[in-house]
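The structure presented is a predicted model; accordingly, all values stated were derived computationally and were not measured.
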Amino acid sequence: MFALRFLSKDKFDSYEDYRKNAVPHVPDNFNFAYDVIDVLAAEDPDKVALLWTNDLGEKKTFTFRDLSLMSNSVANFLTSRGLKKGDTALLFMRRRWEYWVLMMAMHKVGAIPIPSTNQLKAEDIKYRIDTAGVGTIIAFDDGTVMGEIKTAIGDSAVQLISNEEIARAVTTEPTEFARVPNENTDTMVIYFTSGTTDLPKMVAHDYTYPLGHINTAIFWQRLRDGDIHLTVSESGWAKCSWGKMYGQWMAGAVVFVYDYSGIATAHDLLTAVSENHVTSFCAPPTAYKMLIHGDLSKYDLSSLNKVDIAGEALNPEVYYKFLEQTGIKLREGFGQTETCVMLFTNEWIEPKPGSMGMPAAGWDIQLLDERGRPVPDDTVGEICVSLKNGKPLGLFKGYHNAEKLTASVFRDGFYHTGDVAYRDSDGYFWFVGRNDDLIKTSGYRVSPFEVESVLIEHPAVREVAVTGIPDASRGMAVKATIVLNKYFQPTEFLKGQLQQHVRNRTAPYKCPRVIEFVDSLPMTISGKIKRALIRTIDSTKNTLIDPIKTTILGKDEEK
């Protein structure tokens with residue numbers, strides 16, 4: 001396992017041993033493309049790095065030798081098109097195999113890739129061009145995005161390179177590319193956040209970022225030589241770096257990529273896992289919600305033995321249903337675009353369904369109140385990362401070209417995530433929500449996730465988003481926006497049933513006083529619920545609370 005070269009020992013026998021001794025050492029002038037891919041190509045050239053297939057039946061297999069030589073040839077092509085160290089380039093490559101070659105080539109050149117989702121529209125693309133100072137766009141034309149890109153470019157000087165040009169530049173013949181020196185602190189990659197609460201921010205990671213994903217792949221996903229790993233993510237999201245590249249290759253695993261147009265169904269994903277003997281799988285909660293509504297017994301999942309979840313908090317109901325159907329425990333991981341995995345459950349940590357688990361090695365996680373003071377167990381506080389011993393590997397260097405924004409989250413010796421959680425007496429962390437999402441009602445603070453987890457247990461509820469809505473007597477009231485399962489009708493009687501369901505399982509003040517049934521929830525293009533948009537829409541409706549229609553609470557419970 002290549003990653004062991006960066007660790008002081010090769011075996012860990014407990015979580016405590018891991019926390020103390022599994023922080024990687026960082027070589028000077030580290031560059032993943034040169035110092036991992038090229039070295040693996042020289043030492044084990046025929047080892048498979050990437051298995052790629054798509055929904056048209058095309059399949060390709062790439063070894064580390066292939067990646068090394070192909071990235072050299074593409075690096076030469078990019079320099080011939082004027083790209084140099086420090087230049088930024090937007091990439092719209094969906095899940096095309098060329099993406100992995102292109103990323104290694106750009107690391108070698110020193111140019112800064114900005115992976116982007118093909119779901120962006122012209123306005124989104126224009127915003128990214130302007131804010132990141134982009135001079136080059138490299139794109140796979142899926143029939144839609146190229147038109148949006150051309151509209152965004154307009155008559156500007158931004159050059160457009162197609163994936164076909166990248167493919168034509170690729171060769172597996174011996175090809176040299178002179179190493180471009182870099183410092184560890186140089187910007188290696190930029191990701192735009194998904195913009196759940198504000199305009200997307202440019203998250204800049206330096207050249208040590210891949211080493212942070214030793215935690216992600218080896219100690220959370222538990223990958224080893226011979227594993228075939230599938231992470232469900234388009235290349236435009238940081239989750240692709242989490243699960244489809246850096247850490248997985250250092251673990252000795254094969255990265256499996258399934259490229260599809262549109263939205264993959266449960267059948268698509270399960271068939272890909274079965275036919276390609278995938279051993280390790282990671283996806284966001286939305287994917288597991290889809291999978292558990294299917295019949296998993298129809299598929300041969302005998303090769304699958306490690307299954308992880310990240311992206312949003314895990315509803316316990318999803319955990320138990322997946323366990324019932326597969327016998328496999330979902331292991332949650334928590335992090336942000338700004339980080340690698342910060343908290344997780346792994347082989348030493350028995351999952352508590354709904355908990356994020358415990359801190360990763362090198363991450364000093366503290367929960368702080370509004371005055372920056374640590375909170376006791378079972379008390380909600382902001383998830384903050386202590387910088388007392390420097391930035392942990394995998395923590396971003398700052399928001400690109402945004403010093404004030406960077407200073408707003410790096411302050412008082414901590415990185416402030418903006419997410420809130422509590423820690424139980426066993427040391428497990430439990431996600432509560434974004435600071436902006438907390439509902440303050442009648443002096444209480446209510447976690448949207450907690451109420452959502454209760455509601456999703458009801459057979460009528462397929463998806464739910466819980467938000468706050470103005471209430472003259474309480475400040476805010478709890479509102480649930482619900483997508484119903486098939487065969488259930490949106491009636492006042494069902495509203496009462498759902499409210500009673502919540503009352504039976506949690507404190508009365510958490511019961512939604514307002515319930516709205518909708519056909520779908522607003523989502524970011526990464527699949528996260530846009531609670532901020534729901535709040536904005538509600539504010540434009542001037543929605544009023546009708547205590548007769550929207551509550552079943554008795555007077556003794558409305559305190």
Subject >> Set of salt bridge (charged side-chain N to carboxylate O under 4.0 Å, His left out) partners for R224, sequence neighbours left out >> reply: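 Testing R224 for salt bridge (charged side-chain N to carboxylate O under 4.0 Å, His left out), a comparison that skips the adjacent residues, returns E347.
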**OP:** List in chain and number order the residues that pass salt bridge (charged side-chain N to carboxylate O under 4.0 Å, His left out) with R373, two or more places apart in sequence or in another chain; answer none if no residue qualifies.
**Re:**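 Residues passing salt bridge (charged side-chain N to carboxylate O under 4.0 Å, His left out) with R373: D369.
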Answer yes or no: is there a donor N or O on one side and an acceptor on the other, between the side chain of [X] and the main chain of [Y], under 3.5 Å?
{"X": "T345", "Y": "E332", "value": "yes"}
{"X": "T231", "Y": "S233", "value": "no"}
{"X": "N485", "Y": "P459", "value": "yes"}
{"X": "T481", "Y": "E516", "value": "no"}
{"X": "Q325", "Y": "I292", "value": "yes"}
{"X": "Q221", "Y": "C282", "value": "no"}
{"X": "K244", "Y": "S235", "value": "no"}
{"X": "N276", "Y": "S274", "value": "no"}
{"X": "W237", "Y": "T337", "value": "no"}
{"X": "T216", "Y": "W242", "value": "no"}

**OP:** Start with the C-alpha gap between Q489 and L494, add the side-chain angles, then the distance that decides, and say whether side chain to side chain contact (heavy atoms under 4.5 Å, CB included) holds.
**Re:** CA-CA 8 Å; Q489 298 301 315; L494 180 58; over 6 Å; no
Please tabulate, one pair per line, all N/O donor-acceptor pairs under 3.5 Å involving side-chain atoms of residues 352-359, not counting sequence neighbours.
{"unit_1": "K352", "atom_1": "NZ", "unit_2": "D424", "atom_2": "OD2", "d": "2.9"}
{"unit_1": "K352", "atom_1": "NZ", "unit_2": "D426", "atom_2": "OD2", "d": "2.7"}
{"unit_1": "S355", "atom_1": "OG", "unit_2": "G357", "atom_2": "N", "d": "2.9"}
{"unit_1": "S355", "atom_1": "OG", "unit_2": "F429", "atom_2": "O", "d": "2.8"}

So how far is it from [X] [atom1] to [Y] [atom2], rounded to the nearest 0.5 Å?
{"X": "K329", "Y": "D308", "atom1": "NZ", "atom2": "CG", "value": "13.5 Å"}
{"X": "H205", "Y": "C340", "atom1": "NE2", "atom2": "SG", "value": "8.5 Å"}
{"X": "I190", "Y": "R128", "atom1": "CD1", "atom2": "CZ", "value": "12.0 Å"}
{"X": "I349", "Y": "Y428", "atom1": "CD1", "atom2": "OH", "value": "6.5 Å"}
{"X": "L521", "Y": "R462", "atom1": "CG", "atom2": "CZ", "value": "11.5 Å"}
{"X": "H416", "Y": "L368", "atom1": "NE2", "atom2": "CG", "value": "6.0 Å"}

Subject >> With E463 via side-chain hydrogen bond (donor to acceptor under 3.5 Å, both in side chains) - residues at least two apart >> reply: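 None.
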**OP:** Apply side-chain hydrogen bond (donor to acceptor under 3.5 Å, both in side chains) to Y127 and list each qualifying residue two or more places apart in sequence or on a separate chain.
**Re:**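 Checked Y127 against side-chain hydrogen bond (donor to acceptor under 3.5 Å, both in side chains); zero matches.
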Pair [X], [Y]: side-chain N/O donor-acceptor within cut-off below 3.5 Å:
{"X": "D419", "Y": "Q336", "value": "yes"}
{"X": "E338", "Y": "Y191", "value": "no"}
{"X": "T279", "Y": "D227", "value": "yes"}

Close side-chain approach of [X] and [Y], heavy atoms under 4.5 Å:
{"X": "Q366", "Y": "S386", "result": "yes"}
{"X": "F410", "Y": "L395", "result": "yes"}
{"X": "F12", "Y": "I218", "result": "no"}
{"X": "K510", "Y": "V478", "result": "no"}
{"X": "Y209", "Y": "L393", "result": "no"}
{"X": "Y258", "Y": "D55", "result": "yes"}
{"X": "F334", "Y": "T339", "result": "no"}
{"X": "Y288", "Y": "V307", "result": "yes"}

Original post:
Does R95 make a cation-pi contact with Y260, if we ask for NZ or CZ under 6.0 Å from the ring centre and within 45° of the axis?
Top reply: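 Geometry flag: set, cation within 6.0 Å and 45°.
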Original post:
Per the side-chain hydrogen bond (donor to acceptor under 3.5 Å, both in side chains) rule, which among Q497, E492, Q499 passes with K495?
Top reply: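 Answer after filtering Q497, E492, Q499: E492.
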Would you tabulate the side-chain donor-acceptor contacts of residues 314-322 under 3.5 Å, counting partners in other chains and residues two or more places apart, or write 'none'?
{"unit_1": "N315", "atom_1": "ND2", "unit_2": "S453", "atom_2": "OG", "d": "2.8"}

Are the aromatic rings of [X] and [Y] close, with centres under 6.0 Å apart?
{"X": "Y299", "Y": "H267", "value": "yes"}
{"X": "Y415", "Y": "F396", "value": "yes"}
{"X": "F344", "Y": "F219", "value": "no"}

**OP:** Check step by step if side chain to side chain contact (heavy atoms under 4.5 Å, CB included) holds for R505 and E457.
**Re:** CA-CA 10 Å; R505 286 162 176 77; E457 294 175 1; 3.3 Å; yes
**OP:** Look at atom NZ of K126 and say whether more than 12 heavy atoms of other residues, nucleotides or ligands are closer to it than 6.0 Å.
**Re:**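 For K126, atom NZ is not crowded (no more than 12 foreign heavy atoms under 6.0 Å).
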Original post:
Is it true that atom CG of N504 has more than 12 heavy atoms of other residues, nucleotides or ligands lying nearer than 6.0 Å?
Top reply: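 Yes.
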Of all the heavy-atom pairs spanning [X] and [Y], show the shortest one and how long it is.
{"X": "E234", "Y": "S116", "answer": "OE2-O, 3.8 Å"}
{"X": "N215", "Y": "Y18", "answer": "OD1-OH, 2.5 Å"}
{"X": "D377", "Y": "R423", "answer": "OD1-NE, 2.9 Å"}
{"X": "L533", "Y": "P522", "answer": "CD2-CB, 3.7 Å"}
{"X": "S280", "Y": "H229", "answer": "OG-ND1, 2.8 Å"}
{"X": "V375", "Y": "V380", "answer": "CG1-O, 4.0 Å"}

Original post:
Could you go step by step and tell me if T131 and N401 meet the side chain to side chain contact (heavy atoms under 4.5 Å, CB included) rule?
Top reply: CA-CA 8 Å; T131 54; N401 291 339; over 6 Å; no
**OP:** List the steps, then state whether side chain to side chain donor-acceptor pair (under 3.5 Å) holds for T265 with D268.
**Re:** CA-CA 5 Å; T265 65; D268 294 330; 3.1 Å; yes
**OP:** Would you check, one step at a time, whether the test side chain to side chain contact (heavy atoms under 4.5 Å, CB included) holds for I383 with L367?
**Re:** CA-CA 5 Å; I383 302 171; L367 301 179; 3.8 Å; yes
